Student: 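The structure is given below, and queries will be raised subsequently.
Model, not experiment: these values are computed from the prediction. For this chain, numbers begin at 1 and follow the sequence in order.
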Amino acid sequence: MGNYEEEKVRGGMDRRSFFKLGGLTAGMAAFAGMAGCAPQQEMADTGGDNETVAARVPYSVFETDILIIGAGFGASYAVDAARKAGKNVIMVDKGPYGYSGAFGMSFDIMHTWDPNSPTYKSEDDIPNSGFLRDESLYRAAFMESELGDTPDVCIANFGEVWSARNEDGTPFYLYDFPNIRGIEHSMARQWSDHFRALDYVMIHDRTIITDLIIEDGRCLGAMGVHVPTGEYRVFRAKATLAATGGSTQFYGWNSTSCTSNNVCDNTGDVEMSLLRHGGKVANAEFCTYDMMGAFPRSFVASEGSMVGADSVHSGDLMDKDGNYLKDDPELAELLGSQEGVIQAACIVVDRGQGSENGGIYLDCKPESLSTMRWMYQRNAALLKEKFGFDFTEQPVEVVPEMYEHSGEMLVDENAMCIDVEGLFGVRSNTGAEGGNNNTANRRMGRYAMKKALEYIDSYEEPAAVTYESVAAEIERLEDLRTRQTDDPIRPITVRRSIQYACAQAARPSRPTEVLEEAKAELDRIMTEDVPRMACADDSLVYNADWKDAIETLNLLDLARLFVYASLERQESRASLIRPEYPETDDENWACALAYTRAEDGTLSYEKIAY
């Protein structure tokens with residue numbers, strides 16, 4: 001099964017080490033001969049001044065060259081670059097490894113690439129991205145990535161099959177345009193199985209990262225909780241890469257879930273940890289939407305389990321009277337891009353021609369459905385079989401579904417966080433795009449790892465490591481797990497209050513009045529509800545309440561950043577539409593709004609020009 005949730009020590013090959021600490025110092029000397037072990041005195045001092053926590057709560061420490069938080073597209077291309085360099089890697093996956101997030105949706109993933117496979121001689125040859133983003137970083141990452149990014153190479157290297165073909169045996173391209181080509185079914189789990197089998201890659205899954213370990217301005221790794229056992233785990237690394245994907249769980253509530261296809265685990269763990277350490281989080285107002293079938297309300301809004309339209313299928317979108325958007329001259333010119341489809345839908349709704357729930361309609365007659373993505377066809381057939389709902393009999397109401405959210409750390413030209421040395425961002429170049437597609441993830445994953453490898457080539461161990469922040473974080477987490485309050489509120493209740501508060505404010509069109517109401521409610525939740533939040537029990541084993549409590553605090557910070565930044569940005573740009581400020585204003589707003597958080601929760605920002 002390979003190096004998976006277990007410790008393998010193979011002489012000098014594997015420099016990771018495992019210890020039980022925090023008061024359990026007996027037996028340390030037995031490990032002193034292992035390669036890469038930290039000095040015993042340093043370990044004995046772990047916990048700093050917080051002797052109470054250190055004495056009563058054990059935790060495990062793992063050491064590695066590189067820590068990768070996340071296990072999706074960007075993380076996989078990063079670990080592939082690291083293993084070619086012969087470095088030891090720990091990957092931490094919040095979900096079941098190989099099945100979590102978009103990476104686990106093997107049946108659905110659209111693998112996209114530039115059909116011309118250009119090899120650019122200089123960054124000046126690369127076309128402008130078209131989005132508000134760090135253009136220099138975008139170009140630098142582009143230069144590093146094209147070789148090997150085509151599906152042909154991926155399929156050959158990882159034993160995948162190109163299952164979708166035309167009758168004559170030629171590949172079937174769902175997207176086949178001059179600037180982009182795409183196929184479905186192209187990311188099976190051979191990647192994750194391959195990495196899991198390597199001796200120098202260790203996988204920790206079902207592990208939630210709760211804090212970054214930052215001392216003297218350097219990131220020394222991260223820590224978190226293994227959800228099945230409640231064990232605290234500390235990951236000590238020379239370089240740390242954050243590759244956790246977009247976080248959208250604050251967006252509304254549709255009877256059974258938020259209006260997003262992102263899994264419930266996407267709550268901005270790393271970025272919100274950085275925010276608590278005083279670091280900057282930028283572009284929180286930007287996100288990306290698709291028009292997905294969220295209604296009848298008993299159906300969850302999800303790209304993977306419903307029927308919907310993206311920019312490629314926008315020709316089948318209609319208003320409530322059955323008029324196709326493509327036949328309206330004002331709207332037709334918007335339908336060629338994802339953000340344009342959202343803008344067109346908002347125009348229809350503002351005209352009073354939208355659906356009851358603030359969306360529009362998708363024509364799903366058989367000839368239209370047959371041209372849609374395979375998974376939409378599959379879902380239509382499945383829902384008809386199980387629930388008797390026939391999508392081909394009537395137009396389907398579709399609403400804006402947030403499937404990517406920005407809210408990213410700011411990085412320099414080396415993809416390193418500008419606030420913390422040794423911390424690299426794989427998804428830190430999204431800007432107004434609101435999230436990375438798989439092409440950008442591949443580029444940034446490979447580029448961030450290249451720069452991390454350069455960083456550790458000249459790495460010098462710190463003179464001392466106190467791990468005081470580990471003890472402080474354990475104190476915070478223990479309080480969340482064991483807290484008892486008068487008139488307690490369950491974490492899931494607080495979580496839903498956040499989602500209700502953002503149900504309208506997080507839509508593409510964000511009127512000032514709606515944002516102000518959401519801001520007031522989120523601030524109230526922070527001051528009134530969070531102090532009352534308490535778990536139903538204090539169990540360590542699969543304590544879902546405890547996990548919800550940890551994530552709910554992240555989600556609240558994330559939602560407040562989103563609303564505050566949306567309210568502050570007085571313009572419309574991409575999929576962010578401010579009715580009071582309908583035009584894009586490059587003179588005043590071609591910048592990132594970089595927010596910091598004070599200990600009392602107060603948010604402030606500075607403009608950082610791109």
Student: Any ion pair linking R476 and D479 (charged N to carboxylate O, less than 4.0 Å)?
Tutor: no
Student: So, D538 and T482: side-chain donor and acceptor under 3.5 Å apart, yes or no?
Tutor: no
Student: Only one of D211, I208, T244 forms a side chain to side chain contact (heavy atoms under 4.5 Å, CB included) with D269, so which one is it?
Tutor: I208
Student: Give a yes or no on whether a salt bridge exists between E517 and K519, defined as a side-chain N under 4.0 angstrom from a carboxylate O.
Tutor: no
Student: For the pair R495 and E551, find out whether any cationic side-chain nitrogen is under 4.0 Å from an anionic carboxylate oxygen.
Tutor: yes
Student: Ring-plane angle category for H204 and F235, please: parallel below 30°, perpendicular beyond 60°, tilted otherwise.
Tutor: perpendicular
Student: Minimum heavy-atom separation for S60 to E231, with atom names?
Tutor: OG-OE2, 2.5 Å
Student: Do H405 and N266 have side-chain N/O donor and acceptor atoms under 3.5 Å apart?
Tutor: no
Student: Using the salt bridge (charged side-chain N to carboxylate O under 4.0 Å, His left out) definition, which of the options D529, D537, D545 pairs with R490?
Tutor: D545
Student: For T602 and D600, test the side chains for any donor-to-acceptor distance below 3.5 angstrom and give the result as yes or no.
Tutor: yes
Student: Ignoring hydrogens and angles, tell me if any N or O in the side chain of T207 forms a donor-acceptor pair with the backbone of H226 under 3.5 Å.
Tutor: no
Student: Does either side chain, that of E401 or that of T259, offer a donor lying less than 3.5 Å from an acceptor on the other one?
Tutor: no
Student: Can D265 and K547 be counted as an ion pair, charged N to O under 4.0 angstrom?
Tutor: yes
Student: CD of E513: more than 12 outside heavy atoms within 6.0 angstrom?
Tutor: no
Student: Nearest 0.5 angstrom please: S406 OG to E404 CD, how far?
Tutor: 9.0 Å
Student: Can you tell me if R276 and N554 form a side-chain donor-acceptor pair at under 3.5 Å?
Tutor: yes
Student: Please identify which of these residues, D486, T493, D487, T485, meets the side chain to side chain donor-acceptor pair (under 3.5 Å) condition with R532.
Tutor: D487
Student: Taking atom types as modelled, find out whether Y467 and E473 have a side-chain donor-acceptor pair closer than 3.5 angstrom.
Tutor: no
Student: Using distance alone, with no hydrogens and no angle criterion, decide if E215 and T466 have a side-chain donor and acceptor under 3.5 Å apart.
Tutor: yes
Student: Report the C-alpha separation of F286 and F562 in whole Å, then their side-chain angles, then the decisive distance to 0.1 Å, and conclude whether the side-chain contact (heavy atoms from CB on, under 4.5 Å) test is met.
Tutor: CA-CA 8 Å; F286 292 117; F562 177 89; over 6 Å; no
Student: Is R578 salt-bridged to E285, cutoff N-O under 4.0 Å?
Tutor: no
Student: How many angstroms lie between atom CD1 of I214 and atom CG of L220, to the nearest 0.5 angstrom?
Tutor: 9.0 Å
Student: Do T267 and S247 have a side chain donor and acceptor closer than 3.5 Å?
Tutor: no
Student: Let's go through E271 and R427 carefully: what are the C-alpha distance in whole Å and the side-chain angles of both, what is the deciding distance for salt bridge (Lys or Arg N to Asp or Glu O under 4.0 Å) to 0.1 Å, and is it a yes or a no?
Tutor: CA-CA 11 Å; E271 290 82 4; R427 60 177 299 269; 3.6 Å; yes
Student: Regarding Y605 and E568, do their side chains bring together a donor and an acceptor under 3.5 Å, going by distance alone?
Tutor: yes
Student: Which atom names give the shortest non-hydrogen contact between S575 and C287, and what distance separates them?
Tutor: CB-O, 3.8 Å
Student: Is there a donor-acceptor pair under 3.5 Å between the side chain of D419 and the backbone N or O of K280?
Tutor: yes
Student: Test your reading of the model: is there a side-chain donor-acceptor pair from R507 to the backbone of G358, 3.5 Å cut-off?
Tutor: yes
Student: Show every salt bridge (charged side-chain N to carboxylate O under 4.0 Å, His left out) that has at least one partner inside residues 556-566, sequence neighbours left out.
Tutor: D523-R560, D557-R597
Student: For Y97, is there any backbone N or O sitting under 3.5 Å from a side-chain donor or acceptor partner on S100?
Tutor: no
Student: Within this structure, what is the CD-CG distance for the pair E408 and L274, rounded to the nearest 0.5 Å?
Tutor: 11.5 Å
Student: Would you say T240's side chain and L423's backbone share a donor-acceptor pair under 3.5 angstrom?
Tutor: no
